[in-house]
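For reference, the structure is listed below as structure tokens.
Just so it is clear: chains get the letters A, B, ... in the order the sequence lines come, proteins before strands, and each one is counted from 1.
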Protein chains: 2
Amino acid sequence: MEAVKPSGSKRLASAQARRNQLIMATIKCIAQKGLSGVTMADITTEAGLSLGIVNLHFQSKEKLLIETLRYISDEYRSGLDKIFDDPKKTTAEKITAHIRYDFSRKIVDRNKLAVWFAFWGETKSRPTYLAICADYIADIASNLTQLFARLKAEGNYDTVDPELTCVCYTALADGLWLDLLVTPKGLKPNQAYNVAMHYLATQFPEHFQA
Amino acid sequence: MEAVKPSGSKRLASAQARRNQLIMATIKCIAQKGLSGVTMADITTEAGLSLGIVNLHFQSKEKLLIETLRYISDEYRSGLDKIFDDPKKTTAEKITAHIRYDFSRKIVDRNKLAVWFAFWGETKSRPTYLAICADYIADIASNLTQLFARLKAEGNYDTVDPELTCVCYTALADGLWLDLLVTPKGLKPNQAYNVAMHYLATQFPEHFQA
DNA sequence: ATAAAATGAATGACCATTCATTTATTATTT
DNA sequence: AAATAATAAATGAATGGTCATTCATTTTAT
């Protein structure tokens with residue numbers, strides 16, 4: 001029935017499904033074997049598909065890796081955007097939701113954390129990886145700074161510096177994620193959340209409890 | 001003159017010098033090409049030596065990488081030990097020295113940071129890497145917690161939880177290092193130091209100024 | 001003269017990519 | 001509806017390039 005599109009909807013859907021299937025397998029394999037250790041054979045076997053499939057859908061290994069990083073970035077970002085744009089939440093509620101999200105199951109998944117840090121560890125040598133994340137990082141920082149500035153205005157927080165608080169919180173979250181990845185026996189997601197809250201409570205004691 | 005040692009001192013010294021030379025070249029190459037991109041040829045060329053030299057001094061590439069990680073770990077650790085064991089410093093001075101050290105030129109060297117995060121990104125798949133650092137991480141945390149506990153006792157800080165403060169500071173430092181590595185145009189070492197101090201000032205306002 | 005250190009061409013393993021062939025899906029015809 | 005043609009998707013054996021490792025030879029130190 002579709003006059004313009006050359007291929008039927010079933011085919012398009014399956015192509016997208018294959019891409020996702022391969023990205024999921026890539027996440028798992030990077031976590032298991034490291035960015036320096038994953039092979040095409042690892043990924044396609046994990047996905048239950050044939051060796052040639054990656055080049056069919058992604059042209060090359062490198063492009064699959066980049067799409068995998070982009071997938072994780074987009075997922076993280078879109079979750080935060082939803083919170084930030086929610087008209088029903090107050091400023092304080094948005095901040096709380098942000099922190100809850102940062103240490104939620106979906107984000108603190110060790111496979112995904114492994115992928116994050118695998119790419120961070122290579123950004124100096126491969127600027128492409130950084131370029132993928134640079135925009136969204138700036139956006140998120142801008143949104144969070146804005147929330148802190150609003151809360152400062154709403155509450156009685158003359159000494160708070162919203163930008164500094166944003167930089168400090170962001171670095172703290174990064175460090176806690178690293179802890180969750182490398183010492184899973186040491187720090188639990190819930191404890192990490194408490195540490196983050198402890199910092200926020202030092203800045204906005206009227207609104208947050210440590 | 002040495003009766004026991006089979007080889008002369010000049011040879012021993014040169015063997016050790018070669019090892020260091022290769023480790024330095026490895027740090028530079030990992031920063032430039034990433035852990036997944038370095039080759040033996042890269043490293044030996046950077047060191048100005050021949051291709052076979054690594055296997056002569058380190059048996060294998062993997063062992064050289066491990067020794068490189070160990071070198072950086074030991075360097076960091078020994079610097080902190082000197083501060084912690086200094087009998088001339090008060091508790092507060094030791095903490096200040098610790099933070100200064102964490103953001104000093106020697107530690108915030110982007111090549112070395114690149115190596116740190118290259119290895120962190122692979123710890124999930126290669127537990128050996130974590131094993132190398134696990135001990136010293138625990139030691140440093142124990143020392144720092146002790147310092148915070150002493151300062152709590154010395155000052156008027158009933159609400160401070162030394163362990164929590166240690167976890168929070170450590171994560172914050174990790175996150176700031178990551179920032180320094182990936183967004184060198186954004187955050188400068190001096191600013192990172194100020195952010196860390198800002199957090200400490202929230203815990204010990206009588207002793208530290210943001 | 002002896003022994004250790006260093007070299008780098010040669011080797012073999014590994015792995016991303018290609019592409020001829022097979023399988024599945026959609027369109028057309030009877 | 002069924003059969004057939006046309007097209008897209010998927011496969012995996014074969015290819016070629018890269019790279020860690022080896023070791024016979026050369027260089028340097030004792």
Distance check needed: [N] [atom2] versus [X] [atom1], whole Å only.
X     : N      : atom1 : atom2 : answer
A/L56 : C/dT18 : CG    : P     : 12 Å
A/K61 : C/dC14 : NZ    : C1'   : 11 Å
A/F58 : D/dA10 : CZ    : C1'   : 15 Å
A/E62 : C/dA16 : CD    : P     : 12 Å
B/L51 : C/dT7  : CG    : C1'   : 9 Å
B/D42 : D/dT18 : CG    : P     : 13 Å
A/I43 : C/dC15 : CD1   : C1'   : 12 Å
B/M40 : C/dA10 : CE    : C1'   : 18 Å

For the pair [X] and [Y], name the ring-plane relationship: parallel under 30°, tilted 30 to 60°, perpendicular over 60°.
X      : Y      : value
B/F148 : B/Y169 : perpendicular
B/F103 : B/W177 : tilted
A/F208 : A/F204 : perpendicular

It should be established whether [X] places a side-chain nitrogen or oxygen under 4.0 Å from OP1 or OP2 of nucleotide [N].
X     : N      : result
A/R18 : D/dA10 : yes
B/N55 : D/dT22 : yes
B/H57 : C/dA6  : yes

- Could you check which of C/dT7, D/dA10, C/dA16 has an atom nearest any side-chain atom of A/T39?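 Ranking C/dT7, D/dA10, C/dA16 by closest atom to the A/T39 side chain puts C/dA16 first.
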- Query: B/S60 has a side chain; which of D/dA20, C/dA6, D/dT21 sits nearest to it?
  - Reply: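 In terms of side-chain proximity for B/S60, the closest of D/dA20, C/dA6, D/dT21 is D/dT21.
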- Query: Can a salt bridge be assigned to the pair A/K88 and A/E93 using a cut-off of 4.0 Å between side-chain N and carboxylate O?
  - Reply: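 Salt bridge: no.
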